[in-house]
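First the structure, in the form of structure tokens, and then the observations on it.
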Amino acid sequence: MIAAEAKPLSQEIVDEIIARHPDKTGDVLSVLEEIQDRHPLKYLPEATYDDVAQKMGVSRSQVLSVITFYSFFNLKPQGRHTVTVCRGTACHTRGSKPLLDGLKAKAGFHEDDEEGGSATSFTTPDFGLTIRTVACFGQCALAPVAAIDHEIYGHVSDIKLRKLVAAIDGGKGS
Ligand code: FES
């Protein structure tokens with residue numbers, strides 16, 4: 001099931017996106033952004049960015065440097081929903097680490113898992129949920145802060161976070 005879903009975007013869609021960007025070198029960022037956005041799992045498979053490099057006449061390393069420079073690009077499949085927990089100083093002192101640990105444990109990640117150790121992004125095997133961290137949302141007065149997809153929530157407690165996660169995707173997000 002995982003392999004079936006985590007596949008490159010169809011060739012037709014990739015070609016159609018590239019064809020709409022005549023400035024091959026200058027439009028690499030826009031093309032990659034659109035391709036990721038169109039992928040159901042919001043990421044850039046290796047075969048896809050290799051294809052982009054070849055068709056846009058830039059080197060693979062140039063494409064990779066764009067992808068790794070911008071934090072919004074994903075090299076791994078993402079969940080349908082994303083929970084982002086702030087790990088900045090203000091949020092840390094107000095308990096963001098236990099919030100994150102509780103969330104990871106509920107989603108089935110453990111510190112000794114490959115994904116549960118030092119990684120900063122975790123996605124459930126069914127691609128329902130991605131848990132990630134951020135350095136600061138710029139909302140430190142509301143610490144601890146977390147976001148569900150693009151909605152930011154302040155003064156988040158463990159119970160509040162569990163309720164928010166349970167409510168997304170009709171309760172299927174966790
Ligand atoms: S440290 Fe968390 S919002 Fe700034």
Side-chain angles (χ1 to χ4, degrees), residues 2 5-6 9 27-46 48-49 61-174:
I2 293 172
E5 292 189 10
L9 204 56
D27 287 342
V28 168
L29 176 62
S30 306
V31 166
L32 292 171
E33 217 177 336
E34 193 172 335
I35 288 173
Q36 176 170 287
D37 198 50
R38 297 274 291 272
H39 196 292
L41 299 177
K42 305 295 182 214
Y43 85 116
L44 292 166
E46 187 174 354
T48 300
Y49 65 74
S61 62
Q62 280 176 290
V63 171
L64 262 176
S65 68
V66 170
I67 294 170
T68 52
F69 183 80
Y70 294 98
S71 61
F72 55 80
F73 283 126
N74 304 308
L75 290 170
K76 287 175 156 184
Q78 301 297 293
R80 288 188 302 280
H81 297 282
T82 301
V83 179
T84 308
V85 177
C86 181
R87 292 292 293 123
T89 305
C91 289
H92 178 76
T93 57
R94 292 188 179 235
S96 69
K97 177 78 163 60
L99 277 180
L100 179 64
D101 289 347
L103 192 60
K104 281 162 55 180
K106 181 146 192 324
F109 297 111
H110 303 284
E111 291 301 325
D112 52 355
D113 290 345
E114 186 193 343
E115 291 245 47
S118 57
T120 54
S121 172
F122 319 90
T123 299
T124 55
D126 65 355
F127 301 115
L129 186 69
T130 292
I131 300 167
R132 56 172 59 213
T133 59
V134 68
C136 179
F137 278 115
Q139 304 282 338
C140 307
L142 302 177
V145 178
I148 309 284
D149 295 326
H150 298 296
E151 186 114 8
I152 291 180
Y153 297 88
H155 306 302
V156 176
S157 65
D158 188 53
I159 291 174
K160 181 174 176 178
L161 190 57
R162 282 176 189 240
K163 282 184 179 170
L164 288 168
V165 172
I168 58 178
D169 202 16
K172 291 181 286 184
S174 59

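Fair warning: this is a prediction, and the values are worked out from it, not measured in the lab. Just follow the structure's listing: the first ligand is 1, and inside any ligand the first atom is 1.
Side chain to side chain, T130 and T82 fail the donor-acceptor criterion of an N or O pair below 3.5 Å.
The aromatic rings of Y43 and H39 stand perpendicular to each other, their planes meeting at an angle above 60°, with 30° marking the opposite boundary.
Between atom 4 (Fe) of ligand 1 and C86 there is no N/O/S contact shorter than 2.8 Å. With 2.8 Å as the limit, C136 counts as an N, O or S neighbour of atom 4 (Fe) of ligand 1.
Short contacts between ligand 1 and G88, defined as distances under 4.0 Å to a heavy atom of the residue, involve ligand atoms 1 (S). Residue-ligand proximity, Q139 to ligand 1, at heavy-atom distances under 4.0 Å covers atoms 3 (S). Each of the following atoms of ligand 1 lies closer than 4.0 Å to a heavy atom of F137: 3 (S).
Across every non-hydrogen atom of Q78 and S121, the tightest pair is OE1-OG, 4.4 Å.
The option with the heavy atom closest to atom 2 (Fe) of ligand 1, from among S96, A135, C91, is C91.
Between R80 atom CZ and T124 atom OG1 the span is 7.5 Å, to the nearest 0.5 Å.
In this structure a side-chain-to-backbone donor-acceptor pair under 3.5 Å is present from S96 to C86.
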